[in-house]
Protein chains: 2
Amino acid sequence: MKKIMTETRQHFIEEDTLQAIFPKGIEQFAEIHDFEAGEFINVEGDEPAYLYYILSGKVKVYFTQSNGKVALLHFLGTHSFIGDMELLEARYYSKGIQASQKTRCLAFPTVHVRELLLNDVTFLRHLALYMSKKIMHNSAKMSQSLAYPLENRLAEFILMSENNGIYKEKHTEAAEFLGVSYRHLLHVLAQFVERGLLQKDGRCYILREKSILEEMATSIFATAIYD
Amino acid sequence: MKKIMTETRQHFIEEDTLQAIFPKGIEQFAEIHDFEAGEFINVEGDEPAYLYYILSGKVKVYFTQSNGKVALLHFLGTHSFIGDMELLEARYYSKGIQASQKTRCLAFPTVHVRELLLNDVTFLRHLALYMSKKIMHNSAKMSQSLAYPLENRLAEFILMSENNGIYKEKHTEAAEFLGVSYRHLLHVLAQFVERGLLQKDGRCYILREKSILEEMATSIFATAIYD
DNA sequence: AGTATAATAGGAGATATCTCATATTTTGGA
DNA sequence: TCCAAAATATGAGATATCTCCTATTATACT
């Protein structure tokens with residue numbers, strides 16, 4: 001992880017969008033953290049020291065279940081918060097957060113900004129709105145996703161996690177995330193290869209027919225409620 | 001729907017829990033609305049005129065999908081909000097809300113309380129916390145639910161929607177909610193009857209072995225993350 | 001380096017679930 | 001009152017998905 005220093009930092013913090021979200025006076029605490037793909041932003045169980053706001057990139061959220069299996073819970077992209085729940089109520093068990101691509105975040109040290117943020121009406125309003133959108137997005141997704149076979153959900157997952165045309169998630173994690181057996185995931189992946197959508201290259205897969213994958217994936221959301 | 005008048009009203013509004021959520025000065029706008037089972041609290045698409053806070057009972061949230069099918073989205077119980085998203089941002093398309101049992105709500109006319117609530121730090125904090133819990137609950141549920149066959153999810157659904165030991169949801173709606181085909185739902189229901197868990201009585205089902213149903217249902221949440 | 005553990009890979013049979021087809025009954029208006 | 005639409009029921013065959021099994025690599029730890 002790399003922290004960016006003053007001049008460049010000012011540049012980001014003065015963005016209009018950020019003015020509309022974060023209160024005056026928070027600039028002095030703002031840092032900018034850059035993470036490489038694969039780097040851990042937070043280790044599961046650790047009290048996160050920062051409230052992050054994603055400026056660019058994408059991260060994965062992990063959680064270890066009681067049976068010891070690690071489950072990929074979801075992805076977060078630009079304009080998402082990390083550590084928002086812990087900011088609201090410290091007792092929450094934090095999850096593992098890993099950068100899935102090169103990711104740049106605004107980072108506020110929790111101890112310094114908690115008071116300020118939790119007493120700022122604009123920030124709280126934004127946070128509530130952010131969460132309400134997330135809830136709607138989740139429930140729309142959930143109700144739809146049950147209705148489609150793995151083929152469609154896998155297409156979406158591949159597009160979500162691909163980098164530069166290369167898909168290389170661990171099958172064990174993908175299976176957990178998609179809620180299917182490892183065996184069946186392999187089966188459908190093999191079908192994709194057979195149909196020429198993917199090309200296997202060692203342990204990775206090269207996306208050969210992105211447009212078809214997109215078509216299969218978007219059919220899930222053709223009837224989705226919210227964007 | 002019945003509105004409750006002054007003396008009784010005061011009684012509810014002075015509850016400690018409510019003091020901790022809603023700002024001073026809101027009492028003058030507070031109303032108490034009672035709904036009978038089956039009564040509609042909000043008609044889909046109507047701008048809800050009230051922000052509701054459920055004091056007791058249970059409601060169902062409906063949504064009409066683009067294909068015209070009506071889907072049961074979820075249930076809300078005590079301490080839940082109705083109309084919170086619309087309070088935050090009016091443009092949201094409201095859903096249909098129907099009382100599933102006798103339900104009593106605190107009701108605040110949106111036009112009168114929006115300003116007050118959206119500028120109250122305590123309320124916003126509570127709302128954000130409420131939403132963050134909902135998010136966690138949803139995602140825990142989603143990740144778990146995919147992993148279990150209909151048998152378990154149906155057991156949970158029956159317990160959730162049963163009243164006085166009688167289950168009488170429409171099969172079409174239940175199938176939508178559970179994300180399975182109508183045919184399969186009937187199949188599993190028939191199994192339940194055959195095993196003596198339910199007893200068919202005309203168009204209703206009588207719960208015969210609630211403890212077994214509970215066991216099947218809770219097995220879903222044995223490894224759940226949050227309560 | 002060597003060994004245990006996790007990840008990859010694929011076969012085969014069992015289940016869960018879907019689709020389609022068809023008949024009957026309810027229900028909500030014209 | 002009657003009709004069209006929706007809900008209930010059930011059968012049969014097709015698919016999706018699971019479980020169990022067995023091998024073969026990677027990976028991590030000693």
Side-chain angles (χ1 to χ4, degrees), chain A residues 38 40 62 64-65 67-72 96 143-158 161 166-195 198-205 216 219-220, chain B residues 38 40 43 62 64-65 67-72 96 143-158 161 167-195 198-205 216 219-220:
Chain A
F40 271 91
Y62 289 97
T64 302
Q65 292 177 313
N67 57 19
K69 293 273 177 192
V70 173
L72 175 52
S143 61
Q144 298 298 128
S145 81
L146 272 177
Y148 289 87
L150 179 59
E151 180 169 295
N152 302 86
R153 287 180 287 137
L154 177 57
E156 198 211 349
F157 179 76
I158 289 174
S161 37
I166 307 283
Y167 169 79
K168 52 178 166 186
E169 295 298 315
K170 283 193 207 163
H171 297 153
T172 42
E173 283 179 11
E176 285 272 357
F177 181 74
L178 293 163
V180 297
S181 70
Y182 180 87
R183 185 65 194 85
H184 189 53
L185 174 65
L186 274 253
H187 201 202
V188 177
L189 271 173
Q191 275 179 37
F192 279 15
V193 172
E194 202 173 320
R195 286 200 249 164
L198 299 177
Q199 182 186 326
K200 194 160 179 180
D201 180 22
R203 199 140 289 198
C204 307
Y205 291 81
M216 290 197 292
S219 75
I220 295 187
Chain B
F40 271 90
V43 173
Y62 288 97
T64 302
Q65 292 176 313
N67 56 20
K69 293 273 176 192
V70 173
L72 174 52
S143 62
Q144 298 298 127
S145 79
L146 272 178
Y148 289 86
L150 178 60
E151 180 168 295
N152 302 85
R153 288 180 288 136
L154 178 57
E156 198 211 351
F157 179 76
I158 289 174
S161 36
Y167 169 79
K168 51 177 165 185
E169 295 299 314
K170 283 194 208 163
H171 297 153
T172 43
E173 283 178 11
E176 284 273 356
F177 181 75
L178 293 164
V180 296
S181 69
Y182 180 85
R183 185 65 193 84
H184 190 52
L185 173 66
L186 271 264
H187 201 191
V188 177
L189 270 174
Q191 275 180 36
F192 279 15
V193 172
E194 202 172 321
R195 285 199 250 163
L198 299 178
Q199 180 187 328
K200 192 161 179 179
D201 180 22
R203 199 141 285 198
C204 307
Y205 291 80
M216 289 197 291
S219 74
I220 295 187

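Protein chains get the first letters and strands the later ones, always in sequence-line order, with residue 1 at the start of each.
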Find the distance between CD (Q191(A)) and CG (L154(A)) and round it off to the nearest 0.5 Å.
10.0 Å
Spacing of E156(B) atom CD and S161(B) atom OG [to the nearest 0.5 Å]:
9.5 Å
What integer distance in Å separates E173(B):CD from dA6(D):P?
14 Å
Please list, for nucleotides 15-17 of chain C, all pairs of protein and nucleotide N/O atoms separated by less than 3.5 Å.
residue : atom : partner : partner atom : Å
dT17(C) : OP1  : L150(B) : N            : 3.2
dT17(C) : OP2  : L150(B) : N            : 3.2
dT17(C) : OP2  : H184(B) : NE2          : 2.8
dT17(C) : O5'  : H184(B) : NE2          : 3.2

Would you give the length of the straight line joining atom CD of E173(B) to atom CG of L178(B), rounded to the nearest 0.5 angstrom?
11.5 Å
Please state how far atom CZ in F192(B) lies from atom C1' in dA9(D), giving the value in whole angstrom units.
18 Å
Identify, with sequence neighbours excluded, every residue that meets salt bridge (Lys or Arg N to Asp or Glu O under 4.0 Å) alongside R195(A).
E151(A)
Using the test side chain to side chain contact (heavy atoms under 4.5 Å, CB included), find all partners of R203(A) that sit at least two apart in sequence or belong to another chain.
none
To the nearest 0.5 Å, what is the distance between CD1 on I166(A) and CG on D201(A)?
6.5 Å
Whole-Å distance between dC21(D) P and Y182(A) OH?
18 Å
Not counting sequence neighbours, which residues clear side chain to side chain contact (heavy atoms under 4.5 Å, CB included) with F40(A)? List them please.
Q98(A)
Review item, nucleotides 25-28 of chain C N/O atoms under 3.5 Å of protein N/O:
none

Applying ring-ring contact (aromatic ring centres under 6.0 Å, His included), name anything that partners Y167(B), two or more places apart in sequence or on another chain.
none
Using atom CD of E176(A) as one end and atom C1' of dA7(C) as the other, report the distance to the nearest whole Å.
13 Å
Taking only residues two or more places apart in sequence, or in another chain, which ones meet H171(A) in a ring-ring contact (aromatic ring centres under 6.0 Å, His included)?
Y205(A)
Separation between CG (L185(A)) and CZ (R153(A)), nearest 0.5 Å, reads 10.5 Å
Given dA9(C), dA9(D), dA7(D), the nucleotide with the shortest approach to the side chain of Y205(B)
dA9(D)
Whole-Å distance separating the NZ atom of K170(A) from the C1' atom of dT25(D):
15 Å
Hey, is the side chain of K200(A) poking within less than 4.0 Å of OP1 or OP2 on dA9(C), counting only N and O atoms?
yes
Close N or O pairs between protein and nucleotides 11-14 of chain C (under 3.5 Å):
residue : atom : partner : partner atom : Å
dG11(C) : N7   : R183(A) : NE           : 3.1
dG11(C) : N7   : R183(A) : NH2          : 3.1
dG11(C) : O6   : R183(A) : NE           : 2.9

How long is the span from the SG atom in C204(B) to the CD atom in Q199(B), to the nearest 0.5 Å?
11.5 Å
What's the angle between the local helix axes at either end of the helix from dA1(C)-dT30(D) to dA30(C)-dT1(D), using five pairs per end and rounding to 10 degrees?
60°
For E176(B) and T172(B), run side chain to side chain contact (heavy atoms under 4.5 Å, CB included): C-alpha distance rounded to whole Å, both residues' side-chain angles, the deciding distance at 0.1 Å, then the answer.
CA-CA 6 Å; E176(B) 284 273 356; T172(B) 43; 5.9 Å; no
Pair E169(A), F177(A) - check side chain to side chain contact (heavy atoms under 4.5 Å, CB included), show working.
CA-CA 11 Å; E169(A) 295 298 315; F177(A) 181 74; over 6 Å; no
Using the rule given for side chain to side chain contact (heavy atoms under 4.5 Å, CB included), can you reason through L150(A) versus H187(A), listing the C-alpha separation, both sets of side-chain angles and the distance that settles it, and then say yes or no?
CA-CA 10 Å; L150(A) 179 59; H187(A) 201 202; over 6 Å; no
Protein-nucleotide distance (L186(B), atom CG; dA7(D), atom C1'), rounded to Å:
10 Å
When rounded to whole Å, the CG to P distance for the pair L185(A) and dT19(D) reads 14 Å
